[in-house]
Amino acid sequence: MSTTNGAANGSAVAQESTIDEKLGPKNVPTEEGRKTDELLDRHDRYEFGGPGGVTAMMVGFPMLMYYLWICLWFYDGQIVYPNSVEEVKPFLLQMWEHVRVDASPNLYAWKVYSGLIFYELLLAYFLPGYNQEGLPVPSLGYKTLMYNCNALSCVYTTMVTAAVLHYTQIFRLTEIIDNYGHIMTVAMIWGFGVSFGMYFWTVIRGEQIRMSGNFIYDVFMGAALNPRIGTVDLKMWAEVRIPWVICFFLAVSGACKQYEQYGYVTPNMAFMCLATWLYLNACAKGEECIPQTWDMFHEKWGFMVIFWNFAGVPFTYVYSVVYMASHDPSKYQFSTPTYIALYCTLLTAYYIFDSSMSQKSRFKMQCQGITQYRKTFPQVPWSIVKNPKYIQTAHGNKLLTDGWWAYARKPNYTADWVQSFTWGLVIGTASPIPYFYSVFFITVLIHRCGRDFERCSIKYGKDWERYCEVVKYKFIPGIY
Ligand code: NDP
């Protein structure tokens, strides 16, 4: 087996090699690599349309969330709009009335949402977990941070707690979906509060990095890279414990509502319970792989990530559940073969998503000298590529060109997107709004992919070009 190190040979030209699972050389940034990392940790240009673009998003996101919920809840899932200029004012007043009455941040919503946040924080702080070393952080002089990965025990503890609260009637899960609007508003307030609070806290402590100097832009992009409370990495905690937990409980709440109303749960609602559980469980059982993702090692904890975790994901991704909870099952009933096709599509996409993420993360762990992996349920086949092919870069890092990563540069994005599409397909053509997630997500993924490839091309230079020649397609092998 060969482990050719292009950098060590003094060659900037990448070579394809295979790595010994046990004895593989660690990723060590070269002098050149360190200089590039330094450049990447400086603000050099605005993204997302600069201060104007991010302000529009900070105002526009909450408005869009209210609008889509109103259409779904009050207008039979149809897109409503004023038909003439004269109708604009009454239309806006009507919209405001819906928000004022049915989405006010009432005491109940504060108790439910804030209760969950504090409970999740307490669990994360106290429950034992699996210790995982993160990637070397250039801005910390290549120090690695330790992550206490206890999401799995926290998620299952939360599920047991919720079941007890429901059966003892202390807190009926059905109430979550009935109070969607109120809880969504509280979630948004939390999103804004934490974003601004985090910005000031980081700046006061002098821990900010990659700052532009423009206040609103820096609040949007964030100031802190690795904010922590004790052993709890807030960015990683918020990515798993809030959005996907809420999505799952919204689906369970919708199922409880159907059961109370009709005495049964439709296959469509059961599909959403399964889909949200799969996603939540994937994040929790593979939490030790999250420090290897771009959100953790590069993205800062600003409004973009915080608002989306606290409010955006939980209150825009499961619109199909909201629709089903408020409409008769006859509106979204399919034939048995259609249900089989839908479930098979979800499970196949999930499998590719899970195994491809695992292949890359475990490859990166191997490159750090880690060869003992965590065993959580379910470990899908082909999660680890034995003796994988890779490209050694002059930077010092290796790029995987094996497993799913031999066929496309973002197999995980494609599989993830297919899952998001099924979350809309589950109600067929009854309403266009549940497709918001997949439409929004494809835009995010394409934009994110562009940003990521740009960063990689700066980081790896000619080696990235070589990698793109070896792995030609971005998302779908043979097509794009
Ligand atoms: P990736 O997991 O693709 O990570 C990108 C980074 O991985 C690159 O910057 C590069 O970092 C490294 N990399 C890329 N290709 C290779 C390779 N062949 N070999 C080794 N390293 C490589 O993307 P993300 O972190 O953006 O996404 C992770 C998952 O999260 C995706 O499945 C995505 O769909 C999901 N996601 C879901 C969202 C949602 O709302 N549902 C939102 C955002 C993401 P370097 O070389 O510098 O180490």
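Read the numbers this way: they start at 1 and go in the same order the structure lists the ligands and their atoms. Computation of the quantities below employed the complete heavy-atom set of this structure, encompassing side-chain atoms and omitting hydrogens, waters and symmetry-equivalent molecules. Since the model is a prediction, treat every value here as computed from it, not as a measurement.
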Option with minimal heavy-atom separation from atom 32 (O) of ligand 1, where the choices are Phe297, Tyr317, Phe353, Phe440: Phe353

Cation-pi check for Tyr147 against Arg228: NZ or CZ below 6.0 Å from the six-membered ring centre and within 45 degrees of the axis, yes or no? yes

Consider ligand 1: state whether an atom of it lies below 4.0 angstrom from any non-hydrogen atom of Tyr467. yes

Counting only heavy atoms closer than 4.0 Å, does ligand 1 sit against the backbone of Asp416, its side chain, both, or neither? side chain

I'd like to check which ligand 1 atoms, numbered from 1 as shown, lie under 4.0 Å from a non-hydrogen atom of Tyr279. 37 (C), 41 (N)

Number the atoms of ligand 1 from 1 as they appear, then name those within less than 4.0 Å of a heavy atom of Trp244, with their elements. 41 (N)

Any idea which protein heavy atom is nearest atom 25 (O) of ligand 1, and the distance to it? Trp294 N, 3.0 Å

Does the side chain of Ser431 come under 3.5 Å of the side chain of Tyr332 through a donor N or O and an acceptor N or O? no

Which of Tyr467, Tyr460, Trp464 passes ring-ring contact (aromatic ring centres under 6.0 Å, His included) with His395? It is Tyr460

At a non-hydrogen distance cut-off of under 4.0 Å, which region of Lys398 contacts ligand 1 (side chain, backbone, both, or neither)? backbone

Atom indices of ligand 1 within 4.0 angstrom of Tyr460 heavy atoms, with elements: 45 (P), 46 (O), 47 (O)

Could you tell me which atoms of ligand 1, counted from 1 in the order shown, lie closer than 4.0 angstrom to a heavy atom of Asn412? 1 (P), 2 (O), 3 (O), 31 (C), 32 (O)

Per-residue contact class, Cys456 against ligand 1 - non-hydrogen pairs under 4.0 Å: side chain

I'd like to check which ligand 1 atoms, numbered from 1 as shown, lie under 4.0 Å from a non-hydrogen atom of Lys459. 45 (P), 47 (O)

Looking only at non-hydrogen atoms, which of Arg448, Arg451, Arg455 approaches atom 44 (C) of ligand 1 most closely? Arg448

Counting from 1, what ligand 1 atoms have a heavy atom of Phe441 closer than 4.0 Å? 34 (O), 37 (C), 38 (C), 39 (C), 40 (O), 41 (N), 42 (C)

In the protein, what heavy atom is nearest to atom 7 (O) of ligand 1, and what distance, to one decimal place, separates them? Lys360 NZ, 3.2 Å

Would you check whether Thr293 has a nitrogen or oxygen atom less than 3.5 angstrom from a nitrogen or oxygen atom of ligand 1? no

Return yes if a side-chain donor-acceptor contact under 3.5 Å exists between Asn281 and Tyr156, otherwise no. yes

Please confirm whether the backbone N or O of Met296 pairs with a side-chain atom of Glu299, one donor and one acceptor, at under 3.5 Å? no

